Amino acid sequence: MFKTDTIAGISTATATAGVGIVRLSGGRAIDIAREIFSGDKTFASHTIAYGYIVRGDEIVDEALVSVMRAPRSYTCEDVIEINCHGGSACVRAVLELTLKNGARLAEPGEFTKRAFINGRIDLTQAEAVMDIIAAKTELSRGVAAARLTGRLGCEVARLREEILGLVANIETSIDYPEHDMEHLNLTQICAKGGEILAAIERLCQSAERGRLIRDGIETVIVGRPNVGKSSLLNALLNENRAIVTDIPGTTRDIIYDYVDIGLPLRLADTAGLHKSDDVVERLGIEKTREAISTAQLVLFMVDGPPEPDDWEILEMLAGKRVIVLVNKSDLRDEPMAELFSSAREMFFDYAQADISAVTGDGLEELCATIREMFTGDFGRVDELVISGIRQQAALISAAASLGAALETIELGLTEDLVSVDLQAAYAHLGEITGESLGEDVIDRIFSEFCLGK
Ligand code: GDP
């Protein structure tokens, strides 16, 4: 499965920037760098050389060349990183030079795949690399960083080890019943298995939290025209520095703005909101319904006592987490009394907040209210969470196999059957760290990574 050819890729975004990095990894990385570099070519490991990238006599760019020889590198192979000037022409020219000199263009995620295949990281860490690159907020970065250190992989390894202990126990008691090693009896195996199952289920339950942390709380702002929705959006975007807008043109056709309020908020379709004042009017009632139905939080804005249209919007919010925002508090002397108390029962969660999108009054309190509403969903920041459907599916399968093993014991069936199910659980857990996955599945996982990583 391991390819020894030398790969090259652009590791930075090809946009106008101070620095761009072309990365090489493989047996010929250092030779290729020697071909195209004019500076000191001693290339001792973990040094940086200054010079020019050259194409024959022509200078392509001024560059710093970092050398990380195997195995102390990202991929565990010889790695060269050429720091040249940013912008697309420079990095492309340098990349092309490396290709002309014998490198092959790296596939998406191939550097990280080599780190995985060479055993430096497990699959949970490889996936954490992608999560940290994709992180939009401080919280998503922090949780991905914890996985990057291998915490999840360690926990999975611990659970596998315990299952293996049970398998060994059963097998030796079958093969050498006279062996005087201390066997666990079936009751003890059941108790231990139950503990492992609970730990697997706890991890499994973190999937939703992991998704929220990574993707943000899907939030939509609705309300009649001119109540101040766009103003609120702008106020939130201006007050919170960590804002990233998804690059359009990917598979999604909706654009999201991410707002970091301590928790990540993903504000849906705000490009549209910028263009038009009114989400209800612009999207039509059906689209609004759709946006509300997928939203995890609805910010329902009014600017005074409810009007007939407000009651119509309210009807669409049954079962949702709703915060009624009474905007334009700067125009009122008194805070607004609760407006929709008669409808309170119909919501999953409900709060009302007086705000002014123009002066910013009440926005901090609003953010605190949102944080409080979702605290239970996010859990403690340092809790271990899994990432993505792949990890969740493997945990579900592992739990099912372990559950089956425990059931077999309860039914009083033979110990061989218990062992078979335990081994299946062991293998499913191994899918999370990548130990029990086939080459094709590994290839597919890494193909979803970004280029140059
Ligand atoms: P949208 O149609 O709901 O997006 O409303 P806009 O954000 O476009 O705001 C409509 C009008 O209300 C604009 O003239 C805003 O300046 C004004 N507005 C919005 N928020 C406030 C506020 O908190 N106080 C005051 N006084 N005016 C506001």
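What you see is a predicted model, and the numbers here were worked out from it, not measured in a lab. The first residue of the sequence shown is numbered 1, and numbering continues consecutively from there. Note that ligands are numbered from 1 as they come in the structure, with each ligand's atoms numbered from 1 the same way.
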Centroid separation Phe340 to Phe347 less than 6.0 Å
no
Of the backbone atoms (N, CA, C, O) and the side-chain heavy atoms from C-beta on, which set of [X] has a member under 4.0 Å from an atom of ligand 1: side chain, backbone, both, or neither?
| X | value |
| --- | --- |
| Ile355 | neither |
| Asp330 | side chain |
| Asn226 | both |

Does an N or O anywhere in [X] fall below 3.5 Å from an N or O of ligand 1?
| X | value |
| --- | --- |
| Pro225 | no |
| Ser230 | yes |
| Ser329 | no |
| Gly228 | yes |

Considering the heavy atoms of [X], write down every atom of ligand 1 situated less than 4.0 Å from one of them.
| X | value |
| --- | --- |
| Val227 | 3 (O), 5 (O) |
| Ser356 | 22 (C), 23 (O), 24 (N) |
| Leu331 | 26 (N) |
| Ala357 | 20 (N), 23 (O) |

Would you mind finding which of Lys328, Arg224, Arg332, Lys229 brings a heavy atom closest to atom 12 (O) of ligand 1?
Lys328
Just so I know, are the side chains of His428 and Leu395 near enough to count as touching, which here means a heavy-atom distance under 4.5 Å?
no
Determine whether Arg390 and Ile445 make a side-chain contact, defined as any pair of heavy atoms from C-beta on separated by less than 4.5 Å.
yes
What residue among Val324, Ile323, Val222 forms side-chain contact (heavy atoms from CB on, under 4.5 Å) with Leu299?
Ile323
Apply side chain to side chain donor-acceptor pair (under 3.5 Å) to the pair Ser387 and Asp131, showing each step before the final yes or no.
CA-CA 8 Å; Ser387 163; Asp131 285 348; 2.6 Å; yes
Are the side chain of Arg321 and the backbone N or O of Ala295 linked by a donor-acceptor pair below 3.5 Å?
no
Taking it one step at a time, do Leu297 and Met373 satisfy side chain to side chain contact (heavy atoms under 4.5 Å, CB included)?
CA-CA 10 Å; Leu297 174 64; Met373 228 179 215; 4.1 Å; yes
Residues Asp303 and Arg224 bridged, charged N to O under 4.0 Å:
yes
